[in-house]
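Report on one structure; see the data block that follows.
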Amino acid sequence: MNPTQPTSPPQPPVTGERRKISRAARRRVHARELRIRRTQKDARAQLPLW
């Protein structure tokens with residue numbers, strides 16, 4: 001994990017009801033996943049093909 005990024009607070013235990021995730025939080029998670037995929041793809045592109 002990148003030390004410059006703030007760590008997420010501990011999540012409450014999941015009970016019977018589903019917690020509504022805000023649209024902003026969903027966008028943050030999605031953007032982070034895209035960023036991770038992009039960096040992994042770039043890292044694989046640097047590997048030699050032989």
Side-chain angles (χ1 to χ4, degrees):
M1 182 78 187
N2 190 348
T4 59
Q5 290 179 338
T7 57
S8 61
Q11 299 296 322
V14 176
T15 54
E17 79 279 353
R18 290 286 294 164
R19 213 167 124 234
K20 178 87 168 75
I21 180 167
S22 69
R23 190 173 296 163
R26 197 190 318 270
R27 288 183 57 210
R28 281 196 302 269
V29 171
H30 187 62
R32 187 174 65 205
E33 288 176 355
L34 288 179
R35 203 162 46 238
I36 289 171
R37 286 201 194 96
R38 198 178 313 130
T39 54
Q40 286 174 346
K41 189 174 70 174
D42 290 345
R44 278 196 297 271
Q46 299 295 320
L47 293 174
L49 297 174
W50 41 263

Separation between NZ of Lys20 and CZ of Arg26, rounded to the nearest 0.5 Å:
5.5 Å
List the residues meeting side chain to side chain contact (heavy atoms under 4.5 Å, CB included) with Ala43, not counting sequence neighbours, and say none if there are none.
none
Distance in Å, Arg32 CZ paired with Arg35 CZ, rounded so as to fall on 0.5 Å steps
8.0 Å
Nearest-0.5 Å distance, NZ of residue Lys41 to CD1 of residue Ile36:
14.5 Å
